[in-house]
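See below for the structure under consideration.
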Amino acid sequence: MLIKQVYNNNVVLVLDAYSKKEYILTGKGIGFQKKKGMLVDVDMVEKKFISDDAGVKKRLMSLVEEIEEKVFEVTAEVIKIIEDYLQEDLFQYIYISLTDHIGFAIKRAKNGMLIRNTFLHEIKRVYKKEYEAGQLAVDYINKSFDINLTDDEAAFIATHIINAYYQGNSSKCDEDMKVLKILKDVLNIIRYYYKIDYRENDLDYDRLVTHIRFFAKRLLSGELSSDDNGDLLDVVKIKYDRAYGCVQKIKVYIKTNYDYDISKDEELYLMIHIDRVTKKLQ
(Lines give C-alpha, C1' and ligand atoms only; values in the text may rest on other atoms or scores of the structure.)
Protein backbone atom coordinates (compact mmCIF):
# COMPACT_ATOMS: atom_id res chain seq x y z
CA MET A 1 0.00 0.00 0.00
CA LEU A 2 1.30 3.41 -1.00
CA ILE A 3 1.21 6.35 1.38
CA LYS A 4 -0.89 9.26 0.12
CA GLN A 5 -0.60 11.46 3.21
CA VAL A 6 1.15 11.38 6.57
CA TYR A 7 -1.03 12.94 9.27
CA ASN A 8 1.42 12.29 12.08
CA ASN A 9 3.87 9.58 13.15
CA ASN A 10 0.98 7.28 14.01
CA VAL A 11 -1.70 8.00 11.38
CA VAL A 12 -1.37 7.74 7.58
CA LEU A 13 -3.64 7.71 4.53
CA VAL A 14 -2.82 4.96 2.02
CA LEU A 15 -3.99 3.62 -1.32
CA ASP A 16 -4.41 -0.13 -1.80
CA ALA A 17 -3.04 -0.90 -5.28
CA TYR A 18 -5.27 -3.96 -5.69
CA SER A 19 -8.65 -2.72 -4.47
CA LYS A 20 -7.96 0.91 -5.45
CA LYS A 21 -9.47 1.93 -2.12
CA GLU A 22 -8.07 4.43 0.33
CA TYR A 23 -7.56 3.49 3.98
CA ILE A 24 -6.55 5.30 7.11
CA LEU A 25 -4.02 3.23 9.02
CA THR A 26 -2.91 3.72 12.59
CA GLY A 27 0.04 2.23 14.39
CA LYS A 28 2.85 3.34 16.64
CA GLY A 29 5.50 4.99 14.41
CA ILE A 30 3.78 3.96 11.17
CA GLY A 31 4.30 7.43 9.68
CA PHE A 32 7.72 8.12 11.16
CA GLN A 33 10.10 9.49 8.50
CA LYS A 34 7.59 8.52 5.79
CA LYS A 35 6.56 10.60 2.78
CA LYS A 36 3.92 10.51 0.08
CA GLY A 37 4.57 7.72 -2.43
CA MET A 38 6.48 5.47 -0.02
CA LEU A 39 5.31 1.98 0.91
CA VAL A 40 3.77 1.50 4.31
CA ASP A 41 5.19 -1.13 6.66
CA VAL A 42 2.20 -3.47 7.03
CA ASP A 43 3.70 -5.07 10.13
CA MET A 44 3.20 -1.76 11.94
CA VAL A 45 -0.53 -1.51 11.17
CA GLU A 46 -2.68 -1.73 14.29
CA LYS A 47 -6.03 -0.37 13.11
CA LYS A 48 -7.46 0.07 9.62
CA PHE A 49 -10.33 2.35 8.58
CA ILE A 50 -11.94 2.75 5.15
CA SER A 51 -11.24 6.31 4.08
CA ASP A 52 -14.58 6.86 2.34
CA ASP A 53 -16.36 6.65 5.70
CA ALA A 54 -16.70 10.44 5.90
CA GLY A 55 -17.74 10.55 9.55
CA VAL A 56 -14.83 8.43 10.73
CA LYS A 57 -12.33 10.30 8.59
CA LYS A 58 -13.54 13.69 9.79
CA ARG A 59 -13.39 12.67 13.46
CA LEU A 60 -9.94 11.14 13.13
CA MET A 61 -8.60 14.20 11.35
CA SER A 62 -10.05 16.42 14.08
CA LEU A 63 -8.21 14.34 16.66
CA VAL A 64 -4.95 14.72 14.74
CA GLU A 65 -5.36 18.50 14.84
CA GLU A 66 -6.49 18.77 18.47
CA ILE A 67 -4.55 16.11 20.38
CA GLU A 68 -0.83 15.83 20.94
CA GLU A 69 0.86 13.05 19.03
CA LYS A 70 1.96 11.14 22.10
CA VAL A 71 -1.69 10.44 22.96
CA PHE A 72 -2.04 8.40 19.76
CA GLU A 73 0.98 6.31 20.71
CA VAL A 74 -0.22 5.79 24.26
CA THR A 75 -3.75 4.88 23.12
CA ALA A 76 -2.38 2.26 20.73
CA GLU A 77 -0.34 0.75 23.58
CA VAL A 78 -3.33 0.92 25.95
CA ILE A 79 -5.48 -1.03 23.48
CA LYS A 80 -2.77 -3.69 23.25
CA ILE A 81 -2.66 -3.92 27.04
CA ILE A 82 -6.44 -4.27 27.22
CA GLU A 83 -6.66 -6.85 24.45
CA ASP A 84 -3.82 -8.93 25.94
CA TYR A 85 -5.42 -8.86 29.38
CA LEU A 86 -8.92 -9.74 28.16
CA GLN A 87 -7.73 -12.05 25.37
CA GLU A 88 -10.17 -10.27 23.08
CA ASP A 89 -9.84 -8.32 19.82
CA LEU A 90 -11.81 -5.13 20.37
CA PHE A 91 -13.86 -3.39 17.70
CA GLN A 92 -11.45 -1.23 15.69
CA TYR A 93 -13.31 2.04 16.24
CA ILE A 94 -12.41 1.97 19.93
CA TYR A 95 -9.12 3.52 18.77
CA ILE A 96 -10.95 6.72 17.82
CA SER A 97 -13.25 6.95 20.83
CA LEU A 98 -10.51 6.01 23.29
CA THR A 99 -7.96 8.43 21.78
CA ASP A 100 -10.52 11.19 22.15
CA HIS A 101 -11.37 10.16 25.71
CA ILE A 102 -7.76 9.78 26.86
CA GLY A 103 -6.77 13.10 25.31
CA PHE A 104 -9.58 14.88 27.17
CA ALA A 105 -8.86 13.00 30.42
CA ILE A 106 -5.22 14.12 30.30
CA LYS A 107 -6.26 17.75 29.80
CA ARG A 108 -8.67 17.51 32.72
CA ALA A 109 -6.02 15.96 34.96
CA LYS A 110 -3.49 18.67 34.14
CA ASN A 111 -6.09 21.33 34.92
CA GLY A 112 -6.99 19.70 38.23
CA MET A 113 -10.54 18.89 37.10
CA LEU A 114 -11.74 15.60 38.56
CA ILE A 115 -14.93 14.01 37.22
CA ARG A 116 -16.57 11.28 39.31
CA ASN A 117 -18.01 8.21 37.61
CA THR A 118 -21.43 7.70 39.16
CA PHE A 119 -21.39 4.01 38.15
CA LEU A 120 -17.93 3.28 39.57
CA HIS A 121 -18.97 0.70 42.17
CA GLU A 122 -21.49 -0.99 39.87
CA ILE A 123 -18.96 -1.30 37.03
CA LYS A 124 -16.37 -2.72 39.45
CA ARG A 125 -18.86 -5.36 40.51
CA VAL A 126 -20.65 -6.22 37.24
CA TYR A 127 -17.75 -5.78 34.80
CA LYS A 128 -14.85 -6.84 36.97
CA LYS A 129 -12.44 -7.91 34.20
CA GLU A 130 -13.15 -4.84 32.08
CA TYR A 131 -12.61 -2.62 35.11
CA GLU A 132 -9.32 -4.36 35.88
CA ALA A 133 -8.27 -3.79 32.26
CA GLY A 134 -9.22 -0.13 32.74
CA GLN A 135 -6.98 0.01 35.80
CA LEU A 136 -4.05 -1.34 33.77
CA ALA A 137 -4.76 1.30 31.15
CA VAL A 138 -4.87 4.08 33.75
CA ASP A 139 -1.57 2.92 35.27
CA TYR A 140 0.08 3.11 31.85
CA ILE A 141 -1.41 6.53 31.07
CA ASN A 142 -0.35 7.91 34.45
CA LYS A 143 3.23 6.74 33.98
CA SER A 144 3.34 8.00 30.40
CA PHE A 145 2.14 11.52 31.22
CA ASP A 146 3.14 11.81 34.90
CA ILE A 147 -0.45 12.45 35.98
CA ASN A 148 -2.79 10.86 38.51
CA LEU A 149 -5.97 9.56 36.88
CA THR A 150 -8.17 7.77 39.43
CA ASP A 151 -10.33 4.65 39.65
CA ASP A 152 -13.17 6.72 38.19
CA GLU A 153 -11.18 6.91 34.97
CA ALA A 154 -10.65 3.14 34.97
CA ALA A 155 -14.44 2.76 35.06
CA PHE A 156 -14.84 5.21 32.16
CA ILE A 157 -12.37 3.18 30.10
CA ALA A 158 -14.27 0.02 31.05
CA THR A 159 -17.41 1.48 29.41
CA HIS A 160 -15.44 1.99 26.19
CA ILE A 161 -14.39 -1.65 26.36
CA ILE A 162 -17.99 -2.76 26.95
CA ASN A 163 -19.14 -0.73 23.95
CA ALA A 164 -16.37 -2.25 21.83
CA TYR A 165 -17.64 -5.74 22.69
CA TYR A 166 -20.88 -4.87 20.90
CA GLN A 167 -18.95 -3.78 17.81
CA GLY A 168 -20.38 -0.31 17.78
CA ASN A 169 -23.92 -1.36 18.71
CA SER A 170 -24.68 1.72 20.79
CA SER A 171 -28.21 0.58 21.62
CA LYS A 172 -26.84 -2.51 23.37
CA CYS A 173 -24.38 -0.37 25.29
CA ASP A 174 -27.19 2.04 26.23
CA GLU A 175 -29.17 -0.90 27.59
CA ASP A 176 -26.25 -1.92 29.79
CA MET A 177 -25.96 1.64 31.11
CA LYS A 178 -29.67 1.56 31.97
CA VAL A 179 -29.15 -1.73 33.79
CA LEU A 180 -26.34 -0.14 35.79
CA LYS A 181 -28.58 2.82 36.69
CA ILE A 182 -31.33 0.54 37.99
CA LEU A 183 -28.73 -1.46 39.91
CA LYS A 184 -27.24 1.68 41.44
CA ASP A 185 -30.65 3.11 42.39
CA VAL A 186 -31.94 -0.11 43.94
CA LEU A 187 -28.74 -0.60 45.94
CA ASN A 188 -29.03 2.97 47.18
CA ILE A 189 -32.64 2.44 48.26
CA ILE A 190 -31.50 -0.55 50.33
CA ARG A 191 -28.48 1.34 51.71
CA TYR A 192 -30.50 4.36 52.83
CA TYR A 193 -33.42 2.29 54.15
CA TYR A 194 -31.13 0.26 56.41
CA LYS A 195 -28.50 3.02 56.90
CA ILE A 196 -25.67 0.61 56.04
CA ASP A 197 -22.49 0.41 53.98
CA TYR A 198 -22.04 -2.73 51.92
CA ARG A 199 -19.22 -5.21 52.27
CA GLU A 200 -18.48 -5.44 48.57
CA ASN A 201 -16.38 -8.60 48.88
CA ASP A 202 -19.21 -10.46 50.59
CA LEU A 203 -20.69 -13.40 48.69
CA ASP A 204 -24.25 -12.43 49.61
CA TYR A 205 -23.63 -8.94 48.23
CA ASP A 206 -22.49 -10.55 44.97
CA ARG A 207 -25.69 -12.58 44.87
CA LEU A 208 -27.80 -9.49 45.47
CA VAL A 209 -26.04 -7.56 42.70
CA THR A 210 -26.44 -10.48 40.27
CA HIS A 211 -30.14 -10.82 41.09
CA ILE A 212 -30.85 -7.09 40.65
CA ARG A 213 -28.88 -7.03 37.41
CA PHE A 214 -30.91 -9.82 35.83
CA PHE A 215 -34.11 -8.35 37.25
CA ALA A 216 -33.24 -5.05 35.50
CA LYS A 217 -32.63 -6.86 32.21
CA ARG A 218 -36.03 -8.53 32.45
CA LEU A 219 -37.64 -5.21 33.31
CA LEU A 220 -36.12 -3.44 30.30
CA SER A 221 -37.07 -6.27 27.95
CA GLY A 222 -40.65 -6.27 29.26
CA GLU A 223 -40.35 -9.86 30.42
CA LEU A 224 -42.81 -10.58 33.22
CA SER A 225 -42.05 -13.07 35.97
CA SER A 226 -44.65 -15.35 37.52
CA ASP A 227 -46.66 -14.99 40.72
CA ASP A 228 -46.36 -18.63 41.75
CA ASN A 229 -45.11 -17.84 45.25
CA GLY A 230 -47.87 -15.50 46.40
CA ASP A 231 -48.88 -17.68 49.34
CA LEU A 232 -45.27 -18.09 50.44
CA LEU A 233 -44.76 -14.32 50.26
CA ASP A 234 -47.64 -13.78 52.69
CA VAL A 235 -45.86 -16.02 55.21
CA VAL A 236 -42.28 -14.81 54.64
CA LYS A 237 -43.09 -11.08 54.77
CA ILE A 238 -44.14 -11.50 58.38
CA LYS A 239 -40.77 -12.99 59.32
CA TYR A 240 -38.82 -10.52 57.20
CA ASP A 241 -41.02 -7.50 57.78
CA ARG A 242 -38.19 -4.97 57.47
CA ALA A 243 -36.94 -6.47 54.20
CA TYR A 244 -40.54 -6.44 52.97
CA GLY A 245 -40.82 -2.73 53.79
CA CYS A 246 -37.63 -2.07 51.83
CA VAL A 247 -38.97 -4.01 48.84
CA GLN A 248 -42.09 -1.84 48.86
CA LYS A 249 -39.82 1.22 48.47
CA ILE A 250 -38.12 -0.49 45.52
CA LYS A 251 -41.52 -1.41 44.08
CA VAL A 252 -42.66 2.24 44.12
CA TYR A 253 -39.38 3.37 42.49
CA ILE A 254 -39.72 0.80 39.69
CA LYS A 255 -43.38 1.60 39.06
CA THR A 256 -42.78 5.37 39.08
CA ASN A 257 -39.76 5.33 36.79
CA TYR A 258 -40.40 2.32 34.53
CA ASP A 259 -44.14 1.64 34.82
CA TYR A 260 -43.34 -1.94 35.73
CA ASP A 261 -45.13 -3.93 38.41
CA ILE A 262 -42.84 -6.17 40.43
CA SER A 263 -44.36 -9.64 40.77
CA LYS A 264 -44.80 -11.46 44.05
CA ASP A 265 -41.99 -13.82 43.03
CA GLU A 266 -39.66 -10.85 42.54
CA GLU A 267 -40.69 -9.41 45.90
CA LEU A 268 -39.92 -12.72 47.57
CA TYR A 269 -36.50 -13.15 45.98
CA LEU A 270 -35.52 -9.54 46.69
CA MET A 271 -36.56 -9.91 50.33
CA ILE A 272 -34.41 -13.01 50.77
CA HIS A 273 -31.34 -11.42 49.16
CA ILE A 274 -31.78 -8.15 51.06
CA ASP A 275 -32.16 -9.95 54.38
CA ARG A 276 -28.99 -12.01 53.77
CA VAL A 277 -26.91 -8.94 53.02
CA THR A 278 -28.26 -6.63 55.70
CA LYS A 279 -28.46 -8.94 58.69
CA LYS A 280 -24.63 -9.23 58.71
CA LEU A 281 -24.27 -5.44 58.80
CA GLN A 282 -26.54 -4.58 61.71
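Just so you know, residue 1 is the first one in the sequence shown, and it goes up from there. Small disclaimer: the values here were computed from a predicted structure and weren't measured. The basis for the numbers below is simple: all heavy atoms, side chains too, and nothing from hydrogens, waters or symmetry mates.
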Pair L120-Y131, side-chain contact (heavy atoms from CB on, under 4.5 Å): steps then yes or no: CA-CA 9 Å; L120 172 61; Y131 173 74; 3.9 Å; yes
Check against side-chain contact (heavy atoms from CB on, under 4.5 Å), E132 and K129: CA-CA 5 Å; E132 289 171 353; K129 291 290 288 184; 3.8 Å; yes
Can you check side-chain contact (heavy atoms from CB on, under 4.5 Å) on L180 and Y127, steps first, answer last? CA-CA 10 Å; L180 287 177; Y127 297 104; 4.2 Å; yes
May I have the step-by-step check of side-chain contact (heavy atoms from CB on, under 4.5 Å) for I141 and I157, ending in yes or no? CA-CA 11 Å; I141 296 166; I157 291 175; 4.1 Å; yes
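Within the 4.5 Å cutoff, the side chain of D41 has no heavy atoms near those of the I30 side chain. Within the 4.5 Å cutoff, the side chain of Y7 has no heavy atoms near those of the E65 side chain. The closest side-chain heavy-atom distance from Q248 to E267 is below 4.5 Å. The shortest distance between side-chain heavy atoms of K4 and V14 does not fall below 4.5 Å. Under the 4.5 Å side-chain criterion, counting only non-hydrogen atoms from C-beta, K35 is not in contact with I3. Side-chain contact between R242 and Y193 is present, with at least one heavy-atom pair separated by less than 4.5 Å. Using a 4.5 Å cut-off on side-chain heavy atoms (C-beta onward), D139 and I81 make no contact. Residues T210 and V126 are not in side-chain contact: their nearest non-hydrogen atoms beyond the backbone lie 4.5 Å or more apart.
To the nearest 0.5 angstrom, L136 atom CG is 12.5 Å from Y140 atom OH. A distance of 11.5 Å separates CD in E68 from CG in N8, rounded to the nearest 0.5 Å. Residue K217 holds its NZ atom at 10.5 Å from CD1 of I182, rounded to the nearest 0.5 Å. With rounding to the nearest 0.5 Å, the separation of OG1 in T159 from CD in E130 is 11.0 Å. Atom CD1 of residue I212 and atom NE2 of residue H273 lie 8.5 Å apart, to the nearest 0.5 angstrom. A distance of 7.5 Å separates CG in L208 from CG in L270, rounded to the nearest 0.5 Å.
Hydrophobic cluster membership for L2: L39 (Ile, Leu, Val, Met, Phe, Trp, Tyr linked by side-chain heavy atoms under 4.5 Å, directly or transitively).
Distance alone, capped at 3.5 Å, is enough to place a donor-acceptor pair between the N142 side chain and the L149 backbone. Not one N or O on the side chain of N111 forms a donor-acceptor pair closer than 3.5 Å with the backbone of M113. Between the side chain of K237 and the main chain of A243, no donor-acceptor pair closer than 3.5 Å is present. The closest donor-acceptor contact from the side chain of T256 to the backbone of Y253 lies at 3.5 Å or more, if one exists at all.
Here the shortest heavy-atom pairing between I262 and K251 reads CD1-CA, 3.7 Å. Contact record, I190 with I274: CD1-CG1, 3.7 Å, taken as the closest heavy-atom pair. Across every non-hydrogen atom of K34 and V6, the tightest pair is O-CG2, 3.5 Å. For L25 against M1, the heavy-atom pair with the smallest separation is CD1-CE, 4.0 Å. Listed here is the closest heavy atom pair of D100 and I67: CA-CD1, 4.0 Å. Taking each heavy atom of V138 and A154 in turn, the nearest pair found is CG2-N, 3.6 Å.
Between the side chains of E69 and N9, a donor-acceptor pair is found at a separation under 3.5 Å. The closest side-chain donor-acceptor pair between D265 and S263, if any, does not fall under 3.5 angstrom.
For Y205, the ring pair (Phe, Tyr, Trp, His ring centres under 6.0 Å) partners two or more places apart in sequence, or in a different chain, are Y198. Under the side-chain hydrogen bond (donor to acceptor under 3.5 Å, both in side chains) criterion, R207 pairs with D204, not counting sequence neighbours. Checked against ring pair (Phe, Tyr, Trp, His ring centres under 6.0 Å), F156 has the following partners two or more places apart in sequence or in another chain: H101. Taking K184 as the reference, nothing meets the salt bridge (charged side-chain N to carboxylate O under 4.0 Å, His left out) condition, with sequence neighbours excluded.
The number of heavy-atom neighbours closer than 6.0 Å to NE2 of H211, taken from other residues, nucleotides and ligands shown, is above 12. When the shell of 6.0 Å around OH of Y192 is examined, it contains 12 or fewer heavy atoms from other residues, nucleotides or ligands. Atom NZ of K36 is surrounded by 12 or fewer heavy atoms from other residues, nucleotides or ligands within 6.0 Å. More than 12 heavy atoms of other shown residues, nucleotides or ligands fall within 6.0 angstrom of atom NZ in K70.
F215 and M177 fall within the same hydrophobic cluster, defined by Ile, Leu, Val, Met, Phe, Trp and Tyr side-chain heavy atoms under 4.5 Å apart, directly or through other members. A continuous path of ILVMFWY side-chain contacts below 4.5 Å connects I250 to I196, so both sit in one hydrophobic cluster. Cluster annotation: V11 and L15 are assigned to distinct hydrophobic clusters (Ile/Leu/Val/Met/Phe/Trp/Tyr, side-chain heavy-atom contacts under 4.5 Å, transitive). Note on V40: it clusters hydrophobically with M44, by side-chain heavy-atom contacts below 4.5 Å among ILVMFWY residues. The hydrophobic cluster containing L187 also contains Y258, counting ILVMFWY residues as joined when their side-chain heavy atoms lie under 4.5 angstrom apart, directly or transitively.
By the 30° and 60° cut-offs, the orientation of the rings of Y95 relative to F72 is tilted.
For the pair K255 and Y260, the cation-pi test (distance below 6.0 Å, angle within 45°) is failed. Under the 6.0 Å distance and 45° angle rule, R108 does not count as a cation-pi partner of F145.
Sorted by first and then second residue, the salt bridge (Lys or Arg N to Asp or Glu O under 4.0 Å) pairs involving residues 77-91 (not counting sequence neighbours) are E46-K80, K47-E83.
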